[in-house]
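Every chain is numbered from 1, with letters handed out A, B, ... down the list of sequences. The shown structure was predicted, so the numbers you read here are calculated from the model rather than taken from an experiment.
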Amino acid sequence: MLDLDLVRKNPELFQTACKNKNIKLDVAAFLKLDEERRALMFENQTMQAERNAVSKKMPTIKDKAEKEKVITDMKALAEKLKTEEMKLAALDKEWMAMQLQLPSVPLASVPVGKDDTENVELRTHGTIPTFAFEPKDHVELGTALDIIDIPRGVKIAGSRSYFLKGDGARLELAVLLFTVDSLVKKGFTLFTPPLMANYAAMMGTSYFPGGEESAYAVGVDREPEVGLGEKEAKQIESDKHYLVGTSEVAVASYHSGETFKASELPKRYAGLSNCFRREAGTYGKDMHGLYRIHQFQKVEQVILCENDPEVSAKLHAEILQNAEDVLQALGLPYRVVAVCTGDMGRGQVYKNDIETWMPSRKGYGETHSCSTFYEFQARRLGIKYEDPSTGSGQAPTKKFVHTLNNTCIASPRILIPILEIHQNQDGSVTIPEVLRPYMGGQSVISPRA
RNA sequence: GGAGAGGUGGCCGAGUGGUCGAUGGCGACAGUCUUGAAAACUGUUAACCCCUUACGGGGUUCGAGGGUUCGAAUCCCUCCCUCUCCGCCA
């Protein structure tokens, strides 16, 4: 939820943000509803005030006849209040649904565009490799090396599933651990968070409403046991949890409802987790290999900081650099793009993607996503801090923190460029030097004899 | 899975139908005293929302949601969560 006062005073600002972010919302219609709601609230509160006043007097009324009359009157009032409250509840529901659609306003520097084709390249790093031989793609390489097994993954878990095997699984762990260590050295606190989250966390991080189709829901009726019939498992509404698509959901929610002292900020957090994505609506897209799959592992950076655009901008640059440091250490060429309005989320005010060169795609593929939210998530999550700049004497003003997050590494997608770029003519893959300590000193993955 | 206990303000903990947003304690903040500190004493200490330019007024919140009632922290129902013991288990 946004600062509604801001929306009320600058409707056109938010209408433009809706347009640029491809969000279908009539801000004027929302504000009209907002006004109706407030008017009805005022009416109801006036009735409630009367009821309360009379209730307070009630014990002092001794006269029987008078008491009878008051009770009769109050009965009528209670009746009326009840119907009005039902009206308000209906209005509230509609209001909340619209309110959650409201986007944050992108910074002025964000390019306006309709989708990822209109993202703007900011800079590139590294040299795009050329091969003296016909390079293989990661699936060919991985299959020949017996480190990736997609057909059997599909056999067990359906399309977009895979096994990493042997040195492939070890390579993944090595990349993750190397990344974790690099962040820990920079002062980040590592988390292994819950992989299941409730609605509040999904909503608080602004994945819901809107992203329900992308998340797996768990909390199923156990009755239709396997083998007893193909009756569809029913989801128990009250017991429902969602498999997280990123540890950001849990890590950013970690402090929900809490208030920091300013001296405790910023928080530099890193989450290591499996990530689950239904990839609904991507049928037929990126079907080859390990690019777009349902389950992966990711090291995510999450920052909570003061409500100051300069501070969060600085931290945005910092976590972007952290990811770049990892890519550079792995010897992977990449580029950084400014994500345009149409390709950014509802809550984000600024976003960069890092795209890593993938020979088999003959282009850059998205591997990282670095977002600044300002207070959008913090408002939903209720994360505040005491602003020290409050004049001395009285209670400090509480402000919402700014939140940011960025991928530091996501696997197996990152294995695509690692395998493809570091492949050798004989089908072996040279392990990047920084990963070797995590693989017992091994320097190359070779075909088995 | 079986049995039991419990969820009240920043924390602890009273409160079982009515002037209760809630006694008391702790903590925090401010002041008095003190060279300073401690102690002692005094005072102030919730969040969110609505009306109002403001002063101020009002509403909601005692795990959540429903119900009974003129009136609910208190009675009834459902759910969620926490804790203890037993069982099972990585």
Look through every strand shown and name the nucleotide pairing with [N] as Watson-Crick or G-U wobble, where both distances are under 3.5 Å.
| N | result |
| --- | --- |
| B:U53 | none |
| B:G9 | none |
| B:C88 | none |
| B:C70 | B:G18 |
| B:A28 | B:U44 |
| B:G4 | B:C83 |

Pairwise [atom1] distance for [N] and [M], with rounding to whole Å:
| N | M | atom1 | result |
| --- | --- | --- | --- |
| B:U8 | B:G1 | P | 25 Å |
| B:C48 | B:A38 | P | 31 Å |
| B:C62 | B:U19 | P | 15 Å |
| B:A73 | B:G17 | P | 13 Å |
| B:A22 | B:G13 | C1' | 13 Å |
| B:G58 | B:G21 | P | 13 Å |
| B:U23 | B:G10 | P | 14 Å |
| B:U61 | B:G4 | P | 32 Å |

Please determine if a side-chain N or O atom of [X] lies less than 4.0 Å away from the OP1 or OP2 oxygen of [N].
| X | N | value |
| --- | --- | --- |
| A:Asn52 | B:G59 | yes |
| A:Arg38 | B:C51 | yes |
| A:Lys398 | B:G10 | no |
| A:Arg51 | B:G58 | no |

Worksheet entry | Ring center gap for A:Tyr199 and A:Phe208 short of 6.0 angstrom | yes

So A:Lys261, base contact, sugar-phosphate only, or nothing? Heavy-atom distance under 4.0 Å.
nothing

Would you classify A:Thr72 as touching base, sugar-phosphate or nothing, given that sugar-phosphate means primed atoms plus P, OP1 and OP2, and contacts are heavy atoms under 4.0 Å? nothing

[atom1] of [X] versus [atom2] of [N]: gap in Å, rounded?
| X | N | atom1 | atom2 | value |
| --- | --- | --- | --- | --- |
| A:Asp3 | B:C48 | CG | P | 12 Å |
| A:Glu43 | B:C49 | CD | C1' | 17 Å |
| A:Leu40 | B:G59 | CG | C1' | 13 Å |
| A:Met196 | B:C81 | CE | P | 11 Å |
| A:Asp92 | B:C48 | CG | C1' | 13 Å |
| A:Lys82 | B:G71 | NZ | P | 10 Å |
| A:Met58 | B:G71 | CE | C1' | 7 Å |
| A:Glu85 | B:U61 | CD | P | 10 Å |

Measure from the side chain of [X], starting at C-beta and using heavy atoms only, and say which of [options] lies closest.
| X | options | result |
| --- | --- | --- |
| A:Phe42 | B:C51, B:G18, B:G71 | B:C51 |
| A:Lys56 | B:C49, B:G18, B:U19 | B:U19 |
| A:Met41 | B:U19, B:C49, B:A47 | B:C49 |
| A:Gln48 | B:U60, B:C50, B:G71 | B:U60 |
| A:Gln45 | B:G71, B:U19, B:G59 | B:G59 |

Straight-line distance of [X] [atom1] to [Y] [atom2], nearest 0.5 Å:
| X | Y | atom1 | atom2 | answer |
| --- | --- | --- | --- | --- |
| A:Thr403 | A:His255 | OG1 | NE2 | 12.5 Å |
| A:Gln297 | A:Cys275 | CD | SG | 8.5 Å |
| A:Ser253 | A:Asn198 | OG | CG | 8.0 Å |

Let's go through A:Asp167 and A:Gln442 carefully: what are the C-alpha distance in whole Å and the side-chain angles of both, what is the deciding distance for side-chain hydrogen bond (donor to acceptor under 3.5 Å, both in side chains) to 0.1 Å, and is it a yes or a no?
CA-CA 10 Å; A:Asp167 284 345; A:Gln442 187 176 335; 2.9 Å; yes

Heavy-atom nearest nucleotide on RNA chain B taken for A:Ala53 and for A:Ile71; more 5' hit belongs to A:Ala53

